[in-house]
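Worksheet: one structure, shown below.
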Amino acid sequence: MLSLGIESTAHTFGIGIVDDKGNVLANERYVYQPPLGYGIIPIDAANKLRENAESVLEKALDKAKIRINEIDVISFSRGPGLPPCLRVGKDFVNKILERLEKDVKIYGVNHCVAHVEIGILKTDLKDPVTLYVSGGNTQILAFVEKRYRCFGETLDIAIGNMLDSFAREANLQHPGGPKIEELAKKGSYIELPYVVKGMDFSFTGILTAAIRKLKEGIRLEDLCYSIQETCFAMLTEATERAVAHTGKEEVLLTGGVAANKRLQEMLRIMCEERGASFAVVPGEYAGDNGAMIAWLGILMSKSGYKTLKLEEIDILPKWRTEDFEVMWK
Ligand code: AMP
Ligand code: MG
């Protein structure tokens with residue numbers, strides 16, 4: 001069985017082709033880059049994704065060395081995400097269906113669950129607490145009673161958004177995360193607000209404080225260092241409490257911000273101290289990608305989800321992770 005997955009929740013139009021053993025035959029993508037000084041402009045992003053969709057498909061089919069009619073399952077990101085971008089993915093499924101000479105199963109996939117499941121596929125972990133940190137999402141997820149439940153999350157913006165927004169104020173180009181990581185190596189600590197509320201966290205106050213200090217002339221390197229130390233310690237603290245609460249013995253780090261070595265280090269130390277296993281999802285599968293959507297299509301088709309017509313699968317821009325019932329575990 002071959003599954004084709006389409007990712008288009010924000011900046012990435014990805015197409016993955018995966019077989020039912022979890023072999024990834026192709027994982028191609030186009031990534032929208034906002035103009036200097038801006039974050040993602042949703043309508044621009046959607047237009048760019050649409051323009052590039054066809055060529056991503058061609059590349060994926062070439063890479064997998066298959067024809068489109070060999071596909072048995074098509075899945076797409078149903079949400080959460082930016083509505084205009086989600087529409088691109090769904091519309092592109094329709095385009096493919098018009099071309100197919102056979103029936104296929106169609107699934108609308110929860111983007112966050114897909115991030116976790118590709119992480120489990122691509123690491124040695126089986127049942128982790130997952131810290132999912134990206135440009136649009138920041139959640140601590142763990143599987144409990146049929147669902148991936150959210151044990152902690154941002155109360156305002158995502159950590160990646162926070163890093164990118166600060167970087168813009170400092171005239172650094174998007175994406176800001178990697179540039180902040182570089183600059184932080186030459187910085188030292190200054191105090192910023194530390195905002196953990198229960199199991200949740202907030203980043204907008206830290207962002208405001210850091211921007212104010214930047215305007216007051218505090219060294220950029222020191223601010224980058226302190227933003228990382230503060231925000232990553234908050235995430236590590238809440239993740240540790242989720243591990244303690246659920247009794248799980250594994251921690252998975254995923255999402256675009258997972259590339260950050262300092263965040264990895266903090267989580268690794270926390271896991272070592274607790275005797276838990278720790279893994280980072282390999283880069284190709286940590287950021288948004290089509291392979292994770294295709295893999296969820298395989299899991300869904302193997303476990304008896306109802307197949308629907310494309311018209312019956314609405315996009316769900318605000319879809320919460322725990323609102324998706326997991327039937328394969
Ligand atoms: P995603 O939305 O999952 O594709 O991830 C994109 C986000 O990851 C952006 O906010 C980037 O700034 C952030 N990012 C990428 N690399 C790093 C890094 N090395 N350190 C921190 N953030 C990063
Ligand atoms: Mg994502």
Side-chain angles (χ1 to χ4, degrees), residues 5-14 16 27 29-34 38-40 42 45 49 76-82 85-86 89 109-119 130-139 141 148 153-154 157-170 172-185 187 203 206-207 223-236 252-267 280-293 295-296 317 319 321:
I6 299 173
E7 159 58 29
S8 72
T9 52
H11 48 57
T12 299
F13 187 89
N27 191 24
R29 76 194 82 192
Y30 160 81
V31 181
Y32 157 80
Q33 174 80 10
Y38 288 85
I40 295 176
L49 300 191
F76 66 100
S77 274
R78 192 177 179 188
L82 302 172
C85 301
L86 292 170
V109 160
N110 182 293
H111 176 90
C112 306
V113 173
H115 267 295
V116 178
E117 286 293 343
I118 197 83
T130 300
L131 176 61
Y132 165 36
V133 277
S134 73
N137 295 289
T138 305
Q139 307 184 339
L141 301 169
Y148 280 106
E153 65 191 310
T154 180
I157 58 174
I159 176 69
N161 188 355
M162 140 69 197
L163 297 171
D164 296 339
S165 301
F166 177 74
R168 273 202 298 284
E169 292 290 328
L172 304 170
Q173 205 182 350
H174 188 90
K179 282 140 206 140
I180 289 175
E181 179 170 24
E182 245 346 272
L183 289 164
K185 289 178 185 156
F203 298 111
I206 301 170
L207 176 61
L223 286 169
C224 291
Y225 177 81
S226 306
I227 287 170
Q228 287 203 158
E229 292 304 300
T230 306
C231 296
F232 297 166
M234 287 160 43
L235 293 170
T236 304
L252 178 71
L253 176 62
T254 193
V257 184
N260 190 286
K261 293 281 182 300
R262 180 61 180 139
L263 176 58
Q264 293 178 10
E265 183 185 25
M266 281 193 197
L267 289 162
V280 186
V281 177
E284 185 190 352
Y285 303 105
D288 291 350
N289 66 90
M292 68 182 190
I293 307 302
W295 177 233
L296 224 71
W319 202 5
T321 317

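In each ligand, atom 1 is the first atom listed, and ligand 1 is the first ligand listed. The structure presented is a predicted model; accordingly, all values stated were derived computationally and were not measured.
- If you run side chain to side chain contact (heavy atoms under 4.5 Å, CB included) between Val133 and each of Leu263, Thr154, Leu163, only Leu263 comes through.
- The closest side-chain donor-acceptor pair between His174 and Gln33, if any, does not fall under 3.5 angstrom.
- For the pair Glu117 and Trp295, the tightest heavy-atom approach, listed with the atom from each and the gap, is O-NE1, 3.7 Å.
- Under 4.0 Å from any atom of ligand 1, one finds heavy atoms of residues His11, Ser134, Gly135, Gly160, Leu163, Asp164, Pro175, Gly176, Gly177, Pro178, Glu181, Gly255, Gly256, Val257, Ala259, Asn260, Gly287, Asp288.
- Remark: the backbone N or O of Cys85 is paired with a side-chain donor or acceptor of Ser8 at under 3.5 angstrom.
- One finds a salt bridge joining Arg262 and Glu265 here, because a Lys/Arg side-chain nitrogen approaches an Asp/Glu carboxylate oxygen to under 4.0 Å.
- Because the distance cut-off is set at 2.8 Å, Tyr132 qualifies as a neighbour of the Mg ion (ligand 2) through one of its N, O or S atoms.
- Taking 4.5 Å as the limit, every side-chain heavy atom of Met292 sits out of range of all side-chain heavy atoms of Leu296.
- In terms of the side chain to side chain donor-acceptor pair (under 3.5 Å) criterion, residue partners of Asn260 (sequence neighbours excluded) are, by chain and number, Gln228.
- For Asp288, the N/O/S atom at the shortest distance from the Mg ion (ligand 2) is named OD1.
- Because the distance cut-off is set at 2.8 Å, His111 qualifies as a neighbour of the Mg ion (ligand 2) through one of its N, O or S atoms.
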